[in-house]
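Residue numbering restarts at 1 for every chain, and letters A, B, ... go by the order of the sequence lines.
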Number of protein chains: 2
Amino acid sequence: MSLRYALLGLLRDRPASGYDLTQRFAQGIGRYAWSAKHSQIYPELRRLTEEGLIEVVGEGARGKKVYGVTEAGRAELRDWLLSEPKDGTIRNELLLRLFLISGLAPEDRIRILEDVEAETAKLAEQLEDTFKTLTDGTDDLPAGSYAAMFGVYSYRAMHNWARWALEEQHKRDH
Amino acid sequence: MSLRYALLGLLRDRPASGYDLTQRFAQGIGRYAWSAKHSQIYPELRRLTEEGLIEVVGEGARGKKVYGVTEAGRAELRDWLLSEPKDGTIRNELLLRLFLISGLAPEDRIRILEDVEAETAKLAEQLEDTFKTLTDGTDDLPAGSYAAMFGVYSYRAMHNWARWALEEQHKRDH
DNA sequence: GAGGCCATGTAATGAGTTACATGATTAT
DNA sequence: ATAATCATGTAACTCATTACATGGCCTC
């Protein structure tokens, strides 16, 4: 069910085609929160249209259909956002890896942690730039900027955790 | 494919039955990285046994079977952990919600952010206690302590992000 | 006109959840 | 004895990925 809310949310932000949505899932939101492939998106857009939660608001070249959220769709989304979160799906393959490294030989573990330490620093910086670009000039926060800043905080956290793990490693080495 | 590595990793940590694994997925690892239900675990344990990656190392009451990782299983897990991460599945329903709140009315958004701010502070503290309990007395880091500390860093990050979002909100209010 | 990207869709397969089903052991 | 928990399994269904399939538009 989460997919439909992700679609409603992205479309409320601004109207888009199935193709556009596929691109957006490949970055931002899809990197942290929820991703989907076009083969799942197109059928869901059809269903949402049938249920009156979205509608075609424009057409373009190559059979392009641009969808927008209806009033019913907005209400549906709001209801979901304000409902109790009850623990939903969590799936994060990268994290799974990190959780399992404790059984590796120390040199393998250290290599991986050092990789994480370096990668996350780079990613945090990149996202900080993204955030600055997004907010440059405007006085309010565009939709994507919450996600971008969340990414910055998250990567910094992973970075700090990797540093902590490496330090612990060194402590126990001698 | 991630499920089998999660199982190999948990079993390498210490032998366990399908039932035990189900419980462990319901906490720690299952809260942040990967979760699974017993109906998915039992068939996978059968397949892993058939492939010689795990084996029954003990039996108990009520038809209980305790599994342990074989040498082949250890090698398989290590190969996976040391392979290039290439972006894998990400699914996080709670985060999806947070990404979509930008379209809500300010008062709704603030309420949700304040909830997040309070909840994450509580969760971070709880996990810090868990970590202390886990490491109390021992000199090395038990497997679960990496996960616990990761949780601490993550919740603190979410907490700081929520505070940031609320501050931005106030700034733009007047 | 050739290659790359835009754009939509369906089919087959795999992964994951919910519901169904059964029975043993333990604590009260 | 009765309820709670331990313990394993299968069946039906839904959700998600990979592969198949088609064609228009744009740039060089």
Side-chain angles (χ1 to χ4, degrees), chain A residues 1-8 10-11 15-27 29-31 33-51 54-68 80 86-93 96, chain B residues 1-8 10-11 15-27 29-31 33-51 54-68 80 86-93 96:
Chain A
M1 282 294 89
S2 291
L3 175 62
R4 62 173 38 209
Y5 298 112
L7 291 171
L8 287 172
L10 289 172
L11 289 176
S17 67
Y19 188 85
D20 298 334
L21 291 164
T22 306
Q23 314 301 110
R24 288 168 76 188
F25 269 117
Q27 327 144 349
I29 205 167
R31 282 245 234 292
W34 209 268
S35 69
K37 304 285 158 77
H38 80 278
S39 55
Q40 204 186 357
I41 293 169
Y42 288 115
E44 189 66 34
L45 288 173
R46 188 178 47 70
R47 278 191 291 271
L48 287 167
T49 308
E50 281 165 7
E51 293 172 38
I54 63 174
E55 63 190 346
V56 176
V57 296
E59 315 216 345
R62 279 160 290 192
K64 177 177 185 171
K65 283 178 278 184
V66 178
Y67 295 90
W80 182 71
K86 64 173 172 51
D87 36 81
T89 311
I90 296 222
R91 242 156 252 290
N92 188 328
E93 192 177 314
L96 174 61
Chain B
M1 281 293 89
S2 292
L3 174 62
R4 62 173 36 211
Y5 298 112
L7 290 171
L8 287 172
L10 289 173
L11 289 176
S17 68
Y19 188 84
D20 298 335
L21 291 163
T22 306
Q23 313 302 109
R24 286 168 76 188
F25 268 118
Q27 330 145 343
I29 207 167
R31 285 245 233 291
W34 210 269
S35 68
K37 305 282 161 79
H38 80 277
S39 56
Q40 204 185 358
I41 292 170
Y42 288 115
E44 189 65 34
L45 287 174
R46 189 176 49 68
R47 279 191 290 274
L48 288 166
T49 308
E50 280 164 8
E51 292 173 38
I54 63 175
E55 62 190 348
V56 176
V57 296
E59 316 216 345
R62 280 160 289 195
K64 178 177 183 171
K65 282 179 278 183
V66 179
Y67 295 90
W80 182 70
K86 60 172 174 50
D87 36 79
T89 312
I90 298 223
R91 240 157 253 292
N92 188 329
E93 193 179 311
L96 173 60

Ignoring backbone atoms, establish whether [X] has a side-chain N or O less than 4.0 Å from OP1 or OP2 of [N].
X       : N      : answer
A:Lys64 : D:dC25 : no
B:Arg91 : D:dT17 : yes
A:Thr22 : C:dA7  : no
B:Gln40 : C:dT17 : yes
A:Tyr19 : C:dT8  : no

If I compare all heavy atoms of [X] with all of [Y], which pair ends up nearest, and what's the gap?
X       : Y       : answer
B:Tyr19 : B:Tyr42 : N-OH, 3.4 Å
B:Pro15 : B:Val57 : CB-CG2, 4.1 Å
B:Arg31 : B:Ala26 : NH1-O, 3.3 Å

Using a distance-only criterion (donor-acceptor N/O pair, under 3.5 Å, no hydrogens), is the base of C:dT18 paired with the side chain of B:Ser39?
yes
Return the value, rounded to whole Å, for the distance between atom [atom1] of [X] and atom [atom2] of [N].
X       : N      : atom1 : atom2 : result
A:Phe25 : D:dA16 : CZ    : P     : 10 Å
A:Met1  : D:dT14 : CE    : P     : 10 Å
A:Arg47 : D:dC15 : CZ    : P     : 8 Å
B:Glu59 : D:dT8  : CD    : C1'   : 13 Å

Look at A:Arg47 together with A:Glu50 and state whether they make a salt bridge at an N to O cut-off of under 4.0 Å.
no
Take A:Tyr42 and B:Lys37, find for each the nucleotide of DNA chain C with the closest heavy atom, and name the residue whose nucleotide sits nearer the 5' end.
A:Tyr42
Contact class for B:Arg46 vs. all strands (heavy atom < 4.0 Å): base, sugar-phosphate, or nothing?
nothing
Across the strands shown, which category fits B:Arg4 at heavy-atom distances under 4.0 angstrom: base, sugar-phosphate, nothing?
nothing
